Amino acid sequence: MIKANRIIGHYEGQEEGPLFICLGAMHGNEPAGVRAIELVVKMLEVEPIRNPHFRYRGNFVGLVGNLKAYEEGKRYLDKDLNRSFDADKLSFLETQDPQELDNEDREFLELDREVRVLIAQYQPSKVILLDLHTTSSHGGIFTICREREEDIELGAAMHAPIVLGMLSGLKGTTLHYFTTENMGVETIPITFESGQHVEGLSVTRAVAGIINCMKAIDSVDSDVVENHHEEILIKYSESLPRVTRLIERHAIAENDAFVMKPGFLNFQSVAKGEVVATDKNGPVTVSENGRLLMPLYQLQGEDGFFLVKEVT
Ligand SMILES: [Zn+2]
């Protein structure tokens, strides 16, 4: 077991700008985002030495999402934290003895408090919250964003395929919770999936995602900080659909005995009726022609797979 701090690192810019909060290990078995944040903080620290004209506009802070699960290397301890963000439940949880709460309710409270402290200290006019994830399956980087023009523009600037409609298929994610309404300041949440959990390149692609996001929100000029990041993501997304929309979520319960057939990749095309998994009732098929997303190749998780369809 490792010992970690909630704050991975931070960099306060020379000029005013947005508060850019980057979350790693919202799922404790996804360390790539934490590594990427550590690297980005180091890069920002050396950039003024490399380039005396360097200016960062705003404040960059990296936080661990599910600290206890990350320390234990598990997706979660009691329940999925990225399904547990619930504004209606917050005031109730705050009245409870923290020791009596399950791990993820406690993590929710702590993370929420940390984000509010950052907002209160920095007093930004805008908050960008980038939630970094990886998948148990290979093949495919993508962003998940809300269906607002500004959010989609930000997603597109990150040069990864955009998946729409995920919010209606899920509840209690960072995208549902870290909003202008709940934070009291203009807030844009966005999720970036950088590849498979333990693939080395997932760290590189997460670094690229963070840097591209910094450029898109105008915290750094596009000609500073190592410039190959855009290319990494553009090249990797070349064969992937630009915008897709969720058409099916295959939810699973613990006693379903769900087993994904081996070898499926993110964005792999599948045909209506194709058998993609088995469970206690036999073969599991897809309901329409489409592309598979996040086929489950790990023990913990409530989603067997998602099916998306190309929009453009
Ligand atoms: Zn995740």
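Indexing begins at 1, ligand by ligand and atom by atom, following the structure's order. These numbers were taken from a predicted model, which means no experiment stands behind them.
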Asks: For this output row, return yes or no: ring centroids of F264 and F305 closer than 6.0 angstrom.
Replies: no
Asks: Indicate the atoms forming the closest heavy-atom contact of Y76 with K79, along with that distance.
Replies: CB-O, 3.1 Å
Asks: Of all the heavy-atom pairs spanning A206 and A36, show the shortest one and how long it is.
Replies: CB-CB, 3.5 Å
Asks: Of all the N, O or S atoms in H27, which one sits nearest to the Zn ion (ligand 1)?
Replies: ND1
Asks: Return the name of the atom in H133, of element N, O or S, nearest to the Zn ion (ligand 1).
Replies: ND1
Asks: Closer than 2.8 Å to the Zn ion (ligand 1): does that hold for any N, O or S atom in E193?
Replies: no
Asks: As a test of understanding, state which of H138, H250, M260 forms a side chain to side chain contact (heavy atoms under 4.5 Å, CB included) with P295.
Replies: M260
